[in-house]
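Here's the structure we're looking at; comments come further down.
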Amino acid sequence: MERIRLDFGNLLASRLDGGIDETLLVGVLADRFRAAHAAVEELRGTGVLGFYDLPYSAETVDRVVELADGFGQWFQDIVVLGIGGSSLGAVSLKEALLGPGWNDRSEESRDHFPRLHVVDNPDPVTLSALLDRLQPAQTMFNVVSKSGATAETMAQYLIARGWIEAAVGADKARGHFLFTTDPSAGVLRQIGDAEDIPMLPVPENVGGRFSVLSPVGLLPAAVCGVDPHALLAGAADMVERCATDELTRNPAGVLGTLLHHADTAMGQGIHVLMPYSDRLRPVALWYQQLWAESLGKALTRAGEKAETGPTPLASIGATDQHSLMQLFMEGPRDKVVLFVGVDDVGISMEIPDRHPGIASIAYLGGHTLEELLDAERAASAEALRLRGRPNATLHLPRVDEEALGQLFMLFQIATVYAGALYDVNPLDQPGVELGKRLTYGLMGKEGVERPELAEADPRWVL
Ligand code: PA5
């Protein structure tokens with residue numbers, strides 16, 4: 001397997017003015033990481049970090065493949081309904097592995113695999129526009145909710161159910177649904193059991209944002225021909241690489257430890273992920289959720305006030321060189337930029353030599369588009385380094401299943417290391433509960449009091 005590589009030289013003092021002193025890598029940071037690694041191993045021992053085991057859950061993968069190859073192929077359109085950790089992984093896999101414009105391609109060029117739509121936000125404009133384009137008889141909904149209680153997903157499920165029933169009748173409607181949910185609890189499981197709807201489990205010990213390599217991400221990808229075994233092989237390889245407690249040999253250790261140090265000791269709490277590949281754009285959003293929801297916490301694990309956590313920022317190269325890069329180069333020194341480059345993009349597009357007499361564009365002729373994109377990535381990393389702005393680069397050999405499996409596992413492990421270093425629980429998200437409860441109250445959920453929202457003060461409304 002070709003491995004992804006993390007080049008973190010541009011974070012270190014030997015290359016970067018004001019960078020991290022290398023002696024720390026074998027000194028205090030090495031010790032700190034060893035303790036974090038031990039804490040994570042202890043947590044693994046308690047069984048709560050189920051994402052580590054996903055690469056080895058053969059039985060679940062067999063069930064995913066069976067449903068994807070059988071049931072999934074009866075339909076022309078698969079619609080995933082889910083939000084947060086229940087959608088971002090599927091979108092990332094779709095864009096990275098199926099490539100841009102999958103749904104616009106002809107059936108032949110999709111090898112007769114179905115189109116794939118992922119609907120997360122309960123925006124009626126989006127959902128109704130999608131339903132207007134689809135044929136109910138040819139459409140399957142994969143409803144993804146670990147809890148089975150998420151308002152956005154369940155509301156859209158109810159609409160989808162009504163839409164299908166109106167077209168094919170109540171009896172046949174259940175044949176258009178596949179639920180991905182908790183293995184034993186929750187309303188979706190209850191409905192699925194009662195109506196004999198096919199279901200896939202999100203293991204009890206795998207939280208939403210750590211679930212991309214569970215049926216949550218695997219089913220939608222496999223329905224469209226992605227090889228789940230190769231994804232999981234990549235992830236397993238990363239688990240192995242991260243088995244060591246020696247900091248400089250553990251890629252997730254380096255990522256978690258150096259980003260934590262950058263935030264807490266160097267005032268660099270904004271962590272940008274900037275892939276130079278349109279196909280990896282959603283991966284940056286997936287990372288954003290993982291890093292933010294896992295590490296932004298009010299309390300330490302012992303329950304003391306923390307109010308801690310880095311701010312992740314999704315960016316895209318080269319597009320954001322014409323937007324955010326000015327800020328990265330000259331704004332506050334509070335950021336670390338993590339670039340992602342792709343060695344082999346699998347296609348080559350030559351730039352024609354058309355205006356040899358016009359020097360301002362003639363230099364482009366004879367090069368390729370992928371050369372330009374990669375030159376921009378390398379140049380941005382160097383420009384930041386020259387200005388004393390910390391950055392690192394993840395190199396992917398290709399955008400394929402194995403590389404994606406490695407990448408997802410790398411960030412997930414880095415996140416739990418960072419959780420140990422920040423001394424917070426990376427697996428919960430208590431901060432979103434209040435807003436949910438207020439929404440339930442506003443929507444009239446039984447047992448929840450209707451809240452009195454603070455009135456707008458007319459003096460401060462223009
Ligand atoms: O990471 C998380 O736990 C969340 O983002 C959840 O994935 C999100 O809230 C959706 O939850 P559920 O899968 O229960 O519908």
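All residue numbers refer to positions in the sequence shown, counting from 1. Both ligands and their constituent atoms are indexed starting at 1 by order of listing. Everything numeric here is computed off the predicted structure, so don't read it as measured data.
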Lys436 N/O to ligand 1 N/O under 3.5 Å | no
Under 3.5 Å: donor-acceptor pair, side chain of Arg115, backbone of Asp77 | no
Is any side-chain heavy atom of Asn10 closer than 4.5 Å to a side-chain heavy atom of Leu384?
-> no
Name the orientation class of the two ring planes belonging to Trp74 and Phe71 (parallel below 30°, tilted from 30 to 60°, perpendicular beyond 60°).
-> perpendicular
Starting from atom 4 (C) of ligand 1, locate the nearest protein heavy atom and write down its residue, its atom name and how far away it is, to 0.1 Å.
-> Glu293 OE1, 3.6 Å
Atom 14 (O) of ligand 1 - nearest protein heavy atom and its distance | Ser147 OG, 2.7 Å
Is Gly85 close to ligand 1, meaning an N/O of one under 3.5 Å from an N/O of the other?
-> yes
Does Arg161 make a cation-pi contact with Phe177 (under 6.0 Å, within 45 degrees of the axis)?
-> yes
Taking only heavy atoms of Gln429, which atoms of ligand 1 are found under 4.0 Å from at least one of them?
-> 3 (O)
Between Val226 and Glu401, is a side-chain contact (heavy atoms from CB on, under 4.5 Å) present by the stated rule, with each step listed?
-> CA-CA 7 Å; Val226 166; Glu401 282 95 335; 3.7 Å; yes
Pull out every atom of ligand 1 sitting under 4.0 Å from any heavy atom of Ser145, numbered as shown with elements.
-> 12 (P), 13 (O), 14 (O), 15 (O)
Identity and separation of the nearest protein heavy atom to atom 5 (O) of ligand 1 = Gln289 NE2, 2.6 Å
For ligand 1, which atoms have a heavy atom of Ile83 less than 4.0 angstrom away?
-> 7 (O), 8 (C), 10 (C)
CG (Leu404) and CE (Met409) are apart, to the nearest 0.5 Å, by 13.0 Å
shortest atom 15 (O) of ligand 1-to-protein heavy-atom contact is with Thr150 OG1, 2.4 Å
Using a 4.5 Å cut-off on heavy atoms from C-beta on, say whether the side chain of Phe179 contacts that of Arg189.
-> no
Quick one: look up the protein heavy atom nearest atom 1 (O) of ligand 1 and list residue, atom name and how far away it is.
-> Arg209 N, 2.9 Å
With atoms numbered from 1 as shown, which atoms in ligand 1 lie under 4.0 angstrom from a non-hydrogen atom of Ser86?
-> 7 (O), 12 (P), 13 (O)
Would you say Arg110's side chain and Arg105's backbone share a donor-acceptor pair under 3.5 angstrom?
-> yes
